[in-house]
Asker: 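Structure incoming, see below.
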Amino acid sequence: MKNLLLLLALVVLLTEARAQNYDESKVPPYTLPDVLKTTGRKKVKSEKTWENVRRPEIRKLFEDNIYGQTPTRYDSIRYVVSEGQSVMEGRAKHREVLIEVFRQGKQVKIDLVLLLPSNVERPVPVFVLINNRGKENTDPSRKIKSEFWPAEMVIDSGYAVAAFHVSDLAPDNKDTYSNGVLQLYPEQLAADNGMRAIGAWAWGASRVMDYFGTDTDIDAKKVVVVGHSRGGKASLWAAAQDRRFAICVTNCSGNTGAALARRQFGERISRINTTFPHWFNNNYKKYNDRENALPVDQHMLIALVAPRPVYATNASKDLWADPKGTFLSLKNAERVYGLYEMRSALPADPPGINEPIIRSPLAYHIREGEHNLTAYDWGNFIHFANYHFKISK
Ligand code: GTR
């Protein structure tokens, strides 16, 4: 019995050791799938072939192997809008928006928190956060203020600021995640390439985008979608599919977000699929401990957003999210931006801590500190949006 327990402990330890490597010298050699070569092994040399052949092909590979399908049909959508209070000593106004989506007698309700700057020429650009933390982080009354959603900073920069909570779409729980969008699309649950929680959150971001298209105070051509960590995986998947998002911010999104899987550094696919079996589709489980068998890697997800700007970040103490692998993902997406004649300003090697590279279609920083979304990060996102939207400050 004692020996058996020892053996079990050893197996657990070995599995853990394989599941997380923090030593750069132990990163295995790997070859990334060529983002500019079709599955028929044709070289992609033009924007046209990228758009018509390779991009749809890559999108489908991500859908089938990782994030699942994103159904776009529903019976109807309704927006219940009411004017809320004036907040921030009159500098902003709360607009309450309830987005209701109906399909086959079922309904999903998204509670969109929206604050609009006062005394600013309309329509205004907007930042929308996919909130994966507590709802108190996005308190529209501003009684509670959180760095996770520093609304004052965004408003004072002339932007509207919005947020919705992931639990409105899919509770972040392996037993209850289907209690939301998946009630509208139960057929997805039966499919190995069906939608799961991260897909449902991205679907929600697109419904918020639907709403923005109807609000004349919002410039729907200037919507920045922001997500942190698991929310950052969703912001990237949302922007990859829905080209109405003008800019994508993926903060500390790590494994199956902006970081390359093949480096097997920090969190790995086997680990994420075990801890969070409800995030990705059934097919993704086939790649547990088989990163090299994947027909894609995460640089290709960033490439799907091209030519729209992407800002990815890390934190110095968050090795779990593989900072170097995130930077390399952006670097390996550069060729696709090149097809659109967009030049990235990223250096060959990752920049130092707190040395952001912002004036570039592919932007990056590594912040001093822990895994988090902070005012420092947001400050840089605002500069990034100002630069791309040509807003001079
Ligand atoms: C971790 C998970 C990461 C990241 C993070 C978060 O436990 O392993 O992939 O998503 O949670 O969302 O904060």
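Atoms within each ligand, like the ligands themselves, are counted from 1 in listed order. What you see is a predicted model; the values in this text were computed from it and never measured.
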Asker: For the NZ atom of K324 and the CG atom of D322, what is their distance to the nearest 0.5 Å?
Answerer: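 So the NZ of K324 and the CG of D322 are separated by 9.0 Å.
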Asker: Nearest non-hydrogen contact with atom 6 (C) of ligand 1 belongs to which option: G227, S229, C252, G254?
Answerer: S229
Asker: Contact between ligand 1 and R271 is defined here as a heavy atom of the residue under 4.0 Å from a ligand atom; is it met?
Answerer: no
Asker: Side chains of N273 and N288: do they bring a donor and an acceptor to under 3.5 Å?
Answerer: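 Note: N273 and N288 side chains meet the donor-acceptor criterion.
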Asker: So which heavy atom in the protein is nearest atom 8 (O) of ligand 1, and how far is it from that ligand atom?
Answerer: E267 OE2, 2.5 Å
Asker: Short N/O distance, under 3.5 Å, between W320 and ligand 1?
Answerer: yes
Asker: Taking both backbone and side-chain atoms of R230, is any N or O found less than 3.5 Å from an N or O belonging to ligand 1?
Answerer: yes
Asker: Examine R263 relative to F265 and say whether NZ or CZ is less than 6.0 Å from the centre of the six-membered ring and inside a 45° cone about the ring axis.
Answerer: yes
Asker: Got an N/O contact under 3.5 Å between H228 and ligand 1?
Answerer: no
Asker: Considering the options T313, N314, T326, which one meets the side chain to side chain donor-acceptor pair (under 3.5 Å) requirement together with Y364?
Answerer: N314
Asker: Run the contact test for N255 against ligand 1 with a 4.0 Å cut-off on heavy atoms, strictly below, and give the result.
Answerer: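 No; N255 lies far enough from ligand 1 that no heavy-atom distance drops under 4.0 Å.
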Asker: Would you please test K286 and E291 for salt bridge (charged side-chain N to carboxylate O under 4.0 Å, His left out) and show each step?
Answerer: CA-CA 9 Å; K286 288 189 215 154; E291 280 84 355; over 6 Å; no
Asker: Could you tell me if N372 and T374 have a donor-acceptor pair between their side chains, going purely by distance under 3.5 Å?
Answerer: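 No donor-acceptor contact under 3.5 Å links the two side chains.
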